[in-house]
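See below for the structure under consideration.
Computed from a predicted structure; not experimentally measured.
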Amino acid sequence: QVQLVESGGDSVQPGGSLRLSCAASGFTLDRWCVGWFRQAPGKEREGVARLSTRRGSTYYADSVKGRFTISQDNAKNTAYLQMNSLKPEDTAMYYCAADPSCITWPRIHYWGQGTQVTVSS
């Protein structure tokens, strides 16, 4: 059964860093399209980043470009979102997502449960 489990969310000060993890089971992650979304209270869901290792393609939202990096560890079947220079506006629930293809992204078939990131002083 396909399952995605996020971890790594925390409360940090502005300018801090976090690394979110997305552990996958039931499929081989590097054969799929994987990405991260976030949603803050009262705001629309925002696609943050996505990665297709097979296709060698990445995507980053303009709001996080240069600060966030998506990656995979194939041995651990885990995807990561490294977040640096965090800002208060990055505060949100972050969700890992995966789909067999990036072509129809963001038509997502599988979602994680979410992990909370809070950036405040």
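The hydrophobic cluster containing Val12 also contains Phe68, counting ILVMFWY residues as joined when their side-chain heavy atoms lie under 4.5 angstrom apart, directly or transitively. Linking ILVMFWY side-chain heavy atoms closer than 4.5 Å, directly or via other members, places Val119 and Met93 in two distinct hydrophobic clusters. The hydrophobic cluster containing Ile70 does not contain Trp105, counting ILVMFWY residues as joined when their side-chain heavy atoms lie under 4.5 angstrom apart, directly or transitively. Linking ILVMFWY side-chain heavy atoms closer than 4.5 Å, directly or via other members, places Leu81 and Ile108 in two distinct hydrophobic clusters.
Between the side chains of Asp73 and Thr78, no donor-acceptor pair of N or O atoms lies under 3.5 Å. For Ser121 and Gln13, the side-chain atoms include no donor-acceptor pair closer than 3.5 Å. A donor-acceptor contact closer than 3.5 angstrom is absent between the side chains of Ser21 and Glu6.
Electrostatic pairing of Asp62 and Lys65 counts as a salt bridge here, judged by a charged N lying under 4.0 Å from a carboxylate O.
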(request) Tell me, with the steps shown, if Glu46 and Ser63 meet side chain to side chain donor-acceptor pair (under 3.5 Å). (result) CA-CA 10 Å; Glu46 177 186 21; Ser63 58; 2.8 Å; yes
(message) If you apply the rule ring-ring contact (aromatic ring centres under 6.0 Å, His included), what do you find for Phe37 with Trp111, and how did you get there?
(response) CA-CA 10 Å; Phe37 292 79; Trp111 295 86; 5.0 Å; yes
(request) I would like to know whether Leu18 and Val117 meet side-chain contact (heavy atoms from CB on, under 4.5 Å); could you show each step before the answer? (result) CA-CA 9 Å; Leu18 286 173; Val117 172; 3.9 Å; yes
(message) The test is side-chain contact (heavy atoms from CB on, under 4.5 Å); show your working for Thr104 and Asp99 and say whether it passes.
(response) CA-CA 9 Å; Thr104 55; Asp99 196 87; 4.1 Å; yes
(request) Given side-chain contact (heavy atoms from CB on, under 4.5 Å), test Tyr95 with Thr115 step by step and report yes or no. (result) CA-CA 7 Å; Tyr95 299 90; Thr115 186; over 6 Å; no
(request) Test Leu4 against Cys96 for side-chain contact (heavy atoms from CB on, under 4.5 Å), laying out the working first. (result) CA-CA 7 Å; Leu4 302 171; Cys96 179; 4.2 Å; yes
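Under the 6.0 Å distance and 45° angle rule, Arg38 does not count as a cation-pi partner of Tyr94.
Contact check for Gln113 versus Val5: side-chain heavy atoms found under the 4.5 Å cut-off. Asn74 has its side chain out of reach of Leu29: every pair of non-hydrogen atoms, C-beta onward, lies at least 4.5 Å apart. A heavy-atom distance below 4.5 Å is not found between the side chains of Pro88 and Ser120. Contact of the Tyr80 side chain with the Gln72 side chain is not registered, since no non-hydrogen atoms from C-beta on lie closer than 4.5 Å. Residues Asp30 and Arg54 are not in side-chain contact: their nearest non-hydrogen atoms beyond the backbone lie 4.5 Å or more apart. Between Cys33 and Ser101 there is no side-chain heavy-atom pair separated by less than 4.5 Å.
Note that the CZ atom of Arg19 and the CG atom of Asp10 stand 14.0 Å from one another [nearest 0.5 Å]. We find the OG1-CG distance between Thr69 and Leu51 to be 11.0 Å, quoted to the nearest 0.5 Å. Atom-to-atom distance recorded for Ser71:OG and Gln82:CD is 8.0 Å, nearest 0.5 angstrom.
The backbone N or O of Arg31 lies less than 3.5 Å from no partner atom in the side chain of Thr28, so there is not a single donor-acceptor pair. Not a single donor-acceptor pair under 3.5 Å links the side chain of Asp90 to the backbone N or O of Val64. Looking only at distances, a side-chain donor or acceptor of Asn77 sits under 3.5 Å from a matching main-chain atom of Ala24. Arg50 places no side-chain N or O within 3.5 Å of a backbone atom of Tyr59 that could act as its donor or acceptor partner.
With ring centers used as reference points, Tyr110 lies under 6.0 Å from Trp32.
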